Amino acid sequence: MSNLNLANLLAAAPQAAEAAADGFQMSNSFAIYLLNLILWGGTISLVLGIIFCLLRILKGPHMADRVLAADTLSMQVLGLVVILTIVTRESMYFDVVLGVAIIGFASTVAFSQYIGARADEKMHAKDNKETNS
């Protein structure tokens, strides 16, 4: 059981898929072609998503839009690192995924707290202005 890690699972995946096919015969080169097609398609879509998120972060118009774009950006970076892990067959990149996920979550919570505090300040300033009038 201790020898069961991601690298061994990735190495055994083609044999397991072939054993599970039960009569569906697919050549190994076609399976590799499909896997490469899926990985390239995923990479291209994630890069396009990252570009759109960066545009939303720069353009705004509100702070909440920027926070959501930053959170989505961190998730897309996670997707790219997972694709890198699949391509290189190195399980050490999953530690990077965990670190980026923690940083992305913490930054989203921090920005949300900041937005909430600003909204409270604006509300109190408006109440004080109405009271003084």
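Note that the structure is a prediction, hence the values are computed from the model and not measured. Residue numbers start at 1 and run along the sequence shown. Computed over heavy atoms, backbone and side chain alike; hydrogens, waters and symmetry mates excluded.
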Point-to-point distance, once rounded to the nearest 0.5 Å, from CG of L84 to CZ of F94:
10.0 Å

Should N36 and Y33 count as side-chain neighbours, where that means a heavy-atom distance under 4.5 Å?
no

Consider side chain to side chain contact (heavy atoms under 4.5 Å, CB included). Of I103, V100, V82, which one does V77 pass it with?
V100

Do L98 and V109 belong together in a cluster built from hydrophobic side chains that touch within less than 4.5 Å?
no

How far does CG of L54 sit from CD1 of I50, to the nearest 0.5 angstrom?
7.5 Å

Could you measure the distance from the OG1 atom of T43 to the CD1 atom of I38? Nearest 0.5 Å is fine.
11.5 Å

Looking at every non-hydrogen atom in both residues, tell me the closest pair between G42 and S45 and how far apart they are.
O-OG, 3.0 Å

M75 with V97, same ILVMFWY side-chain cluster at under 4.5 Å:
yes

Give the table of side-chain donor-acceptor pairs shorter than 3.5 Å for residues 60-73, with sequence neighbours excluded, one pair per line with atom names and distance.
{"unit_1": "D65", "atom_1": "OD2", "unit_2": "H62", "atom_2": "N", "d": "3.4"}
{"unit_1": "R66", "atom_1": "NE", "unit_2": "I57", "atom_2": "O", "d": "2.9"}
{"unit_1": "D71", "atom_1": "OD1", "unit_2": "T108", "atom_2": "OG1", "d": "3.0"}
{"unit_1": "T72", "atom_1": "OG1", "unit_2": "L68", "atom_2": "O", "d": "2.8"}

To the nearest 0.5 angstrom, please state how far the NZ atom of K59 sits from the CZ atom of F52.
11.5 Å

Does one hydrophobic cluster hold both I102 and V81, with members joined at side-chain heavy-atom distances below 4.5 Å?
no

W40 and F30: same hydrophobic cluster, using ILVMFWY side-chain contacts below 4.5 Å?
no

Honestly curious: do F105 and V96 fall in one hydrophobic cluster under the side-chain, below-4.5 Å linking rule?
no

I need the T88 OG1 to I83 CD1 distance, nearest 0.5 Å.
11.5 Å

Return the CG to CD1 distance between L46 and I51, rounded to the nearest 0.5 Å.
11.5 Å

